[in-house]
Amino acid sequence: MDFAKGRLRLQVEKWFAPHAAAPVRVTRISAASSGLTRCVRVEALRVGGPVTIFFFRHGNGTWCVFPPRSERPAMRA
């Protein structure tokens, strides 16, 4: 993935197409207790009601609408 396409601002613009008449706002920022997964909740008011999307930060620094894969336990010999 092109790193620039994974920036949070570009992801918000892609999913919400914000403009002055319908601004978006960050309503929550959270991090897992392990510090590995960060999540941002962005909300926009639309005619039909509020629209909310969660964005997750991946290990390579990009932001996506799907959470990163969790590390699975593995046995090694």
Practice item. For the pair Val42 and Thr52, evaluate side-chain contact (heavy atoms from CB on, under 4.5 Å) and give the outcome as yes or no after the intermediate values. Key: CA-CA 6 Å; Val42 179; Thr52 302; over 6 Å; no
Point to revise | Glu43: salt bridge (Lys or Arg N to Asp or Glu O under 4.0 Å) partners, not counting sequence neighbours | key: Arg25
Practice item. Report yes if some heavy atom in the side chain of Gln11 is under 4.5 Å from a heavy atom in the side chain of Phe16; otherwise report no. Key: no
Practice item. Return the set of residues passing side-chain hydrogen bond (donor to acceptor under 3.5 Å, both in side chains) with Arg28 (not counting sequence neighbours), or none when no residue passes. Key: none
Check your understanding: Got a second to check how far Arg38's CZ is from Trp63's CH2, nearest 0.5 Å?
Key -> 5.0 Å
**Study point:** Ring geometry between His58 and Phe66 (parallel below 30°, tilted from 30 to 60°, perpendicular above 60°)
**Key:** perpendicular
Review point. So which residues get pulled into Phe56's cluster when ILVMFWY side chains under 4.5 Å apart are joined, directly or through others?
Key: Phe54
Practice item. Check whether Leu45 and Ile53 end up in the same hydrophobic cluster, where Ile, Leu, Val, Met, Phe, Trp and Tyr are linked by side-chain heavy atoms less than 4.5 Å apart. Key: no
Check your understanding: Just how far is it from atom CZ of Arg57 to atom OG1 of Thr62, taken to the nearest 0.5 Å?
Key -> 8.0 Å
